[in-house]
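Right, one structure below, let's go through it.
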Protein chains: 2
Amino acid sequence: MSTTPAVEDYLKTIYAHTEWQPEPITPSVLAARLGVAPSSVTEMVKKLAGAGLITHVPYGPLRLTPAGFLGASAVVRRHRLVETWLVREMGYDWDQVHDEAEILEHALSDRLLEAIDVRLGRPGSDPHGDLIPAADGSLVRVPAIRLADAAPGHAGTVLRISDRDPAILRDLAADSIGPGSALTVLESCAVRLPGGSIRLLAPDAAASIWLTK
Amino acid sequence: MSTTPAVEDYLKTIYAHTEWQPEPITPSVLAARLGVAPSSVTEMVKKLAGAGLITHVPYGPLRLTPAGFLGASAVVRRHRLVETWLVREMGYDWDQVHDEAEILEHALSDRLLEAIDVRLGRPGSDPHGDLIPAADGSLVRVPAIRLADAAPGHAGTVLRISDRDPAILRDLAADSIGPGSALTVLESCAVRLPGGSIRLLAPDAAASIWLTK
DNA sequence: TTCGGGCTTTCGGCCTGCCTAAATCTCGGC
DNA sequence: GCCGAGATTTAGGCAGGCCGAAAGCCCGAA
Ligand SMILES: [Mn+2]
Ligand SMILES: [Mn+2]
Ligand SMILES: [Mn+2]
Ligand SMILES: [Mn+2]
């Protein structure tokens with residue numbers, strides 16, 4: 001099976017699901033994330049499993065094989081490098097890059113990707129703090145905890161903010177919170193910044209932020 | 001009908017055919033340029049005509065309507081801006097950009113295209129001297145003559161070199177000939193450069209070069 | 001004027017990727 | 001242990017884009 005944009009999006013979405021939590025993805029969740037009908041997922045799952053990219057027992061969850069993981073890593077790498085490039089060189093804000101990257105991730109050649117990577121100084125993470133896999137799929141993971149799950153008093157650095165909801169990203173930017181921000185958790189939705197100022201976060205936002213442990 | 005990559009490639013190819021010569025393109029030539037079967041062209045022609053993008057009488061040639069011309073201009077503009085960007089900023093040589101642009105022309109958003117255009121200082125032509133249409137499809141055409149058709153003694157500036165064959169581009173680059181080069185035609189395949197040196201061009205190359213009249 | 005080769009179109013088919021509706025399965029709650 | 005809600009799969013279809021084979025058209029050469 002050739003690796004079409006659809007295949008790449010399926011692999012990437014399966015990959016992303018287990019990036020910050022261990023449970024494998026189910027067909028219905030995958031369908032919802034991709035915005036397609038569950039029956040469409042069933043079909044593609046057959047093809048991906050047939051190509052040795054995922055494993056799947058009927059009515060069970062989906063897991064990437066090593067080959068599928070490598071393929072997914074390549075897409076994720078392209079997506080995140082593109083996002084980083086758009087923010088650092090093309091005047092985009094971090095809440096504006098996702099849709100553009102969603103398309104370009106399927107269109108860049110290896111050569112152009114390498115040129116962008118070099119220009120950017122081989123960044124290790126994208127504007128949202130998501131790690132950029134190396135060309136061989138490897139990356140250096142750091143133990144992290146959701147801000148919403150952190151105990152009051154927990155102090156840490158923002159590792160990553162889910163880029164799913166642009167509105168959250170804009171709100172956080174307005175609060176000067178981004179990857180690298182140091183903060184202390186006061187209670188479930190309040191944090192103290194280094195200057196001592198306090199920020200009250202929406203529950204959605206608190207669930208989107210991951211801190212060092 | 002939505003404007004898919006296939007539609008964009010058809011429009012662009014029809015557009016390009018009449019850019020340097022007046023005869024409209026025929027289905028078989030279009031099929032050859034696109035690398036598809038003639039029957040595939042017949043099908044797409046029906047769709048394009050139905051959408052008001054081209055005119056076509058059965059067994060006749062194909063012509064862009066004003067709407068089709070506008071659509072084609074947009075694709076050509078994206079293609080040529082991408083080529084220019086790859087050469088000026090991403091370390092590509094002028095014979096290496098075509099395939100990459102062939103894909104990216106379908107993937108860039110208007111916003112990203114605008115950002116690239118601004119970065120490059122709104123260039124009027126691409127690395128091969130091909131004019132870059134403005135967003136409204138307009139461009140400033142200059143009378144030109146094929147080097148192969150120029151009379152001995154004709155002196156002019158290189159306006160444009162067809163980018164169809166990368167090998168020709170490499171050869172010409174080795175001879176220090178490119179858009180803007182001043183040269184005098186000696187006989188069909190020989191030219192004199194400003195320094196006085198003489199270059200013997202392959203017939204293919206002489207047919208690919210367009211000079212000021 | 002006729003004829004035939006070359007274009008063009010028609011026809012039937014294939015593949016990808018998506019859909020809805022209708023089975024079918026699974027698993028937690030009773 | 002049974003049952004039903006929810007998840008998953010099956011079945012049948014559709015649209016886009018392509019193909020090869022066969023039929024149809026057109027025009028220049030004779
Ligand atoms: Mn995508
Ligand atoms: Mn991101
Ligand atoms: Mn193209
Ligand atoms: Mn060009």
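Below, read A as the first sequence line, B as the second, and so on, with proteins coming before strands; counting in each chain starts at 1.
Distance check: B:His128 NE2 to B:Ile209 CD1 gives 13.0 Å after rounding to the nearest 0.5 Å.
A:Arg119 CZ: more than 12 foreign heavy atoms inside a 6.0 Å radius. Surrounding CG of B:Asp110 are at most 12 heavy atoms belonging to other residues, nucleotides or ligands under 6.0 Å away.
A 4.5 Å side-chain heavy-atom check between B:Lys12 and B:Arg78 finds every atom pair outside the cut-off. You'll find the side chain of A:Val97 stays beyond 4.5 Å of the side chain of A:Val82, heavy atoms only.
Rounding to whole angstrom units, CE of residue B:Met44 and C1' of D:dC19 are separated by 14 Å. Whole-Å rounding puts the A:Leu34 CG to C:dT16 P distance at 18 Å. Taking atom CG of residue A:Leu30 and atom P of nucleotide D:dA7, one finds them 14 Å apart after rounding to whole Å.
Listed by chain and residue number, B:Glu89 satisfy the side-chain hydrogen bond (donor to acceptor under 3.5 Å, both in side chains) test with B:Trp85 (two or more places apart in sequence, or in another chain).
A side-chain N or O of B:Asp9 and one of B:His106 form a donor-acceptor pair less than 3.5 Å apart.
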Q: With salt bridge (Lys or Arg N to Asp or Glu O under 4.0 Å) as the test, would you mind laying out the steps for B:Arg170 and B:Asp93 before giving the verdict?
A: CA-CA 9 Å; B:Arg170 279 191 294 275; B:Asp93 291 326; over 6 Å; no
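A heavy-atom distance below 4.0 Å to DNA chain D is reached by none of the residues of residues 1-12 of chain A.
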Q | Contact letters for nucleotides 1-14 of chain C, in which S counts primed atoms plus P, OP1 and OP2 and B counts the base, heavy atoms under 4.0 Å | A | ------SSBB----
